[in-house]
Amino acid sequence: MKKLVLIDGNSISNRAFYALPLLSNKQGLFTNAVYGFTQILLKILEEMKPDYFLVAFDAGKVTFRHSDFKEYKGKRMKTPSELSGQFPMIRELLDAFHLQHFELEGYEADDIIGTLSKRAEEIGIETVIYTGDKDMLQLASDSVMIYLTRKGITEVEPFGPKEIMDKYGLEPKQIIDLKGLMGDPSDNIPGVPGIGEKTALKLLHEYQTVEGVYTHLDQITAKKLKENLTTYQDQAILSKQLATIYRQVPIEIQWEDLKVDDKGYHRDEVYQLFVKWEFHSLIERLGMQKSKEEETEQKDVLLIDRLTEKNKTKWEKILGEEGPHAIYVETIGEQPHGRQILGLAVTNGKEILFINDQQLKQWTDFQEWLQDSSKTKWVFDGKRVEMVFFWNQIEIKGIASDLLLGAYLLNPQDGSPSLAEIAKQYHYSGLQDDELVYGKGAKYAIPKETVYVDHISRKAHAIFALIPTIDEKLKETNLDRLFYEIELPLSRVLAKMEKIGVRIDSQRLKEMGEELNQTLITLMEEIYELAGTEFNINSPKQLGEILFDKLQLPIIKKTKTGYSTSADVLEKLEPHHPIIGLILKYRQIGKLQSTYIEGLLKMVDKETQRIHTSFNQAITATGRLSSTEPNLQNIPIRLEEGRKIRQAFIPSYEDWLILSSDYSQIELRVLAHIAEDENLIEAFNQDMDIHTKTAMDVFGVKEDEVTSLMRRQAKAVNFGIVYGISDYGLSQNLNISRKEAAEFIERYFSVFSGVKTYMKKIVEQAKRDGYVSTLMNRRRYLPDIHSSNFNIRSFAERTAMNTPIQGTAADIIKIAMINIDQEMRRLYLKSRLLLQVHDELIFEVHPDEKEMMMSLVKNTMENAIQLKVPLKVDLHFGKTWYDAK
DNA sequence: CTCTTCACG
DNA sequence: ACGTACGTGAAGAGA
């Protein structure tokens with residue numbers, strides 16, 4: 001006997017959706033229902049081995065049942081968007097499996113299934129129905145079995161007439177009567193009030209059907225029950241009708257169409273989908289590997305040439321060809337500014353050429369090709385390539401695409417991914433992790449030549465293969481302009497800044513270091529004296545023991561490993577013991593000494609006598625830059641002692657000046673623009689002091705009545721707003737109660753109602769789309785926004801509020817940097833951009849160009865983008881970075 | 001290698 | 001009730 005399997009698509013998808021946590025792939029696409037559905041599907045195919053197969057879906061919002069009863073399914077919750085978005089994916093899945101799915105306007109899945117199972121019955125085909133809906137039990141017969149989902153997703157319970165009789169004492173047909181009496185709240189079928197499953201079963205065991213119950217109404221003794229049955233007779237009849245599955249749906253479908261392909265599913269199509277949805281465990285379960293085409297493709301390309309006199313001409317010809325070439329340069333070591341070249345590979349996608357360091361330096365034609373901007377190059381981390389070549393007196397031009405930057409824009413959450421990670425994510429196989437090839441940290445070593453030649457060549461090929469994919473995805477997500485017009489040109493500006501570096505007055509740093517050392521020794525002695533013992537002040541563990549065990553000071557806060565000794569805790573302890581002040585001072589000076597004096601001195605380049613930081617353009621989730629080895633974006637400024645470090649940052653030449661230009665309140669201005677808050681816009685249009693203005697509005701006072709405390713608190717509220725406000729965070733910051741903090745926020749929102757609306761809107765948007773964006777379309781995915789964990793979800797909500805603000809500010813200064821660089825080149829200025837510190841640019845300026853730079857920098861920064869409020873830039877010149885204030 | 005602390009915007 | 005402000009990088013301690 002042939003076997004037909006029918007699946008209630010909506011019911012099973014719903015089941016899977018609610019049984020599994022809200023999984024999503026890296027693109028923020030929700031996949032849990034699809035995943036669960038796939039699991040059930042695989043199980044069915046494996047265990048049932050059906051000859052015919054179909055998944056039925058509900059179609060349209062109105063079915064014939066609505067003409068009988070317009071409230072039908074009225075109270076049912078709207079399908080959440082996280083689920084509805086997965087229905088097309090499930091259809092895609094079925095298509096890939098070459099399995100039929102069907103829906104018909106005006107009918108529900110039940111009716112389609114009812115109709116097909118009836119037809120199957122008539123021609124002697126055995127049917128199995130999968131659903132979570134008990135109503136379907138009415139279809140059971142000698143040749144129709146219903147499999148009801150139970151707990152979990154793949155666990156089912158089979159029901160035939162016998163099982164239904166055992167469980168309910170009813171014939172399958174009577175299920176309809178059962179529903180008629182008890183109703184079904186989920187479908188908004190009313191039934192008879194006061195009758196639940198127990199009573200309904202009792203009545204049906206006695207009188208068989210709804211009609212039977214009414215014929216024998218006089219025999220019912222329970223007064224209330226009889227009364228209800230009488231009052232709601234019409235409703236009971238109607239409910240029975242609604243619960244009846246219609247088995248005459250006009251379906252024009254041939255059995256032939258429902259046949260399960262004996263050749264099985266199309267492995268490649270299924271594999272592609274699983275990869276896209278990141279169903280790694282399923283890929284493994286099905287023992288799927290890449291398709292044959294993919295494998296052969298990758299074998300074909302591994303034609304690696306080593307440069308020889310013989311093939312030089314051939315390669316000169318290949319390099320002269322139209323079209324892009326991918327190049328990859330490997331340096332020895334792990335520093336971002338590695339200088340020693342291990343080797344280089346270049347490819348046109350078909351053949352690969354490996355060149356060693358010596359060959360690179362001797363092959364002048366190749367160097368000319370590198371310099372030729374009309375010869376387009378594809379790279380991974382172009383800034384690094386440019387830097388490596390720079391240290392080796394080689395120039396590169398014509399970088400047309402950068403895999404690192406593209407992958408970063410597609411998924412900034414991942415932070416600077418390695419080439420191997422990107423390859424893996426976008427399904428290019430055959431590239432090993434650098435760590436496996438070279439080792440990491442202390443284990444770093446150069447492997448045999450054949451090994452690294454192969455590895456470097458594969459990297460070049462991976463770049464060539466992946467850039468078209470990335471490029472397409474950038475276009476799909478509207479990130480292409482951000483990529484080509486901002487990130488790619490910016491990487492060249494950053495390279496220039498890194499090459500120049502900053503001149504350091506090492507002598508000055510050393511002097512300061514000696515002074516600090518003296519202070520540290522004195523402090524240390526005094527601390528030991530007061531503690532009555534010597535210990536390592538730098539160890540939070542030992543310090544905690546001294547303060548809280550030995551000296552019995554009150555414990556303010558604990559960390560997971562012990563007592564907290566952080567500055568905010570120590571500040572609260574200061575009145576309790578004189579040792580606290582000394583420890584705070586010791587910490588402060590110690591930080592300056594280790595991180596800033598010693599740390600910076602170590603980073604002064606022996607060759608150039610300057611510090612060349614490395615800007616990471618592909619690490620932050622918001623679009624900001626970061627700076628490493630050393631970090632020049634966190635040089636002290638808040639406390640005078642630390643600020644003096646900046647005296648060691650000097651211009652390259654005598655008489656030159658340092659220029660610091662910073663955006664005033666850029667984040668709040670961005671907020672005013674995107675929130676379209678009238679009050680905030682007005683305040684900036686009138687160029688008011690924004691914290692004072694906030695204090696006036698929040699405390700309801702006149703300008704001259706704003707005290708310094710009020711302004712300080714208002715400032716903290718403004719910060720809180722930008723970070724994604726929470727009463728708890730604000731209370732911590734201001735050292736006030738949560739209730740007071742909540743009141744501040746409430747008052748703020750009542751005056752800046754546009755901001756309030758924005759905050760609400762952006763969180764909703766994040767929930768709907770799975771991501772938030774900046775003005776320049778920069779995206780950040782926030783899968784945690786759906787977390788059932790309060791903390792994780794709240795974090796994502798604050799991130800949703802903060803990212804468009806911080807990210808747009810980052811977009812703006814990036815545009816300003818590109819434009820300033822362009823202007824300075826146009827005017828052949830000698831002055832140079834040195835550093836970027838998020839809302840501030842640092843230049844060194846030739847004395848003759850002081851006036852010119854003043855207007856150029858100010859104008860370009862202020863006009864980088866047009867907002868609903870003006871952008872404002874403050875400029876400061878000085879002989880050192882310290883003096884530019 | 002993780003944790004804590006602290007420097008910046 | 002839940003207990004974090006947003007985004008980074010570096011140093012030192014202690015496993």
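Computed from heavy atoms alone, side chains included, the values below leave out hydrogens, waters and symmetry copies. Here is the naming used below: chain letters follow the sequence lines, and residue numbers restart at 1 for every chain.
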*Closer than 4.0 Å, any side-chain N/O of A:Asn616 to the OP1 or OP2 of C:dT8?*
no
*Quick one: look up who C:dC2 pairs with, Watson-Crick or G-U, both distances under 3.5 Å, and put none if it's unpaired.*
none
*asked:* Within the 4.0 Å heavy-atom criterion, would you say A:Val837 contacts the bases, only the backbone, or no part of the nucleic acid?
replied: sugar-phosphate
*Mind checking A:Thr803 for me? I need base, sugar-phosphate or nothing, with any heavy atom below 4.0 Å counting as a touch.*
nothing
*Looking across every strand, which nucleic acid part, if any, lies under 4.0 Å from A:Ser794 by heavy atom: base, sugar-phosphate, or nothing?*
nothing
_Side chain of A:Ser564 (C-beta onward), nearest among B:dT5, C:dA13, C:dG3_ = B:dT5
*asked:* Starting the side chain at C-beta, find the nucleotide from C:dC6, C:dG3, B:dT5 nearest to A:Asn802.
replied: C:dC6
*Looking at every strand, decide which applies to A:Phe795 at a 4.0 Å heavy-atom threshold: base, sugar-phosphate, or nothing.*
sugar-phosphate
_Sugar-phosphate only, base, or nothing, as touched by A:Arg738 at under 4.0 Å among non-hydrogen atoms_ = base
*Look at the side chain of A:Tyr723 and decide which nucleotide, out of C:dG9, B:dG9, C:dA11, has an atom nearest to it.*
B:dG9
_Students often get this wrong, so: under 4.0 angstrom with heavy atoms, is A:Ile637 touching a base, only sugar-phosphate, or nothing?_
sugar-phosphate
*Within the side chain of A:Ser627, is there an N or O that forms a donor-acceptor pair under 3.5 Å with the backbone of A:Pro630?*
yes
*Could you check which of C:dG7, C:dA10, C:dC2 has an atom nearest any side-chain atom of A:Asn631?*
C:dA10
*Answer with base, sugar-phosphate or nothing: what part of the nucleic acid does A:Glu667 contact at a heavy-atom distance below 4.0 Å?*
nothing
*Count the heavy atoms of every other residue, nucleotide or ligand shown that sit under 6.0 Å from CD of A:Glu334, and state whether that count exceeds 12.*
yes
*Just how far, in rounded Å, is C1' of C:dT4 from CG of A:Leu730?*
12 Å
*With the side chain of A:Lys541 defined as its heavy atoms from C-beta on, choose the nearest nucleotide among B:dT5, C:dA15, C:dG3.*
C:dA15
*Length of the CD1-P vector between A:Ile589 and B:dC6, whole Å*: 13 Å
_Identified ring-ring contact (aromatic ring centres under 6.0 Å, His included) counterpart of A:Phe649 within the set A:Trp881, A:Tyr596, A:Tyr882, A:Phe843_ = A:Trp881
*Looking at C:dA13, C:dT4, C:dG7, which one has an atom nearest to any side-chain atom of A:Ser539?*
C:dA13
*Length of the NE2-P vector between A:His838 and C:dC6, whole Å*: 16 Å
*Which part of the nucleic acid, if any, lies within reach of A:Asn789 when heavy atoms closer than 4.0 Å are counted: base, sugar-phosphate only, or nothing?*
nothing
*asked:* Minimum heavy-atom separation for A:Leu405 and A:Glu487, please, with both atom names.
replied: CD1-O, 3.7 Å
*To the nearest angstrom, how far is A:Gln593 atom CD from B:dA7 atom P?*
14 Å
*asked:* Nearest to the A:Gln806 side chain among C:dC2, C:dG3, B:dG9, which nucleotide is it?
replied: B:dG9
*Please determine, for the side chain of A:Ser726, which listed nucleotide (C:dT4, C:dA13, C:dG12) has the closest atom?*
C:dT4
*Expressed in angstrom and rounded to an integer, what is the separation of A:Leu592 atom CG from B:dA7 atom C1'?*
9 Å
*Please work out if A:Ala810 contacts a base, only the sugar-phosphate, or nothing of the nucleic acid, heavy-atom cut-off 4.0 Å.*
nothing
_Quick check for you: among C:dG14, B:dG9, B:dT5, whose closest atom lies nearest to any side-chain atom of A:Ser566?_
B:dT5
*Inspect the surroundings of NZ in A:Lys756 and state if more than 12 heavy atoms from other residues, nucleotides or ligands are less than 6.0 Å away.*
no
*Return the value, rounded to whole Å, for the distance between atom CG of A:Asn735 and atom P of C:dA5.*
14 Å
*Specify the separation, in whole Å, of atom CG of A:Leu632 and atom C1' of B:dA7.*
12 Å
*Looking for any heavy atom pair under 4.0 Å, which part of the strands does A:Gly720 touch: base, sugar-phosphate only, or nothing?*
base
*For A:Ala796 and A:Leu782, which heavy atoms make the closest approach, and how far apart are they?*
O-CD1, 4.0 Å
*Closest to the A:Asn634 side chain, choosing from B:dT4, B:dC8, C:dA10*: B:dC8
*Mind calculating the distance between CZ (A:Arg587) and C1' (C:dA11) to the nearest angstrom?*
12 Å
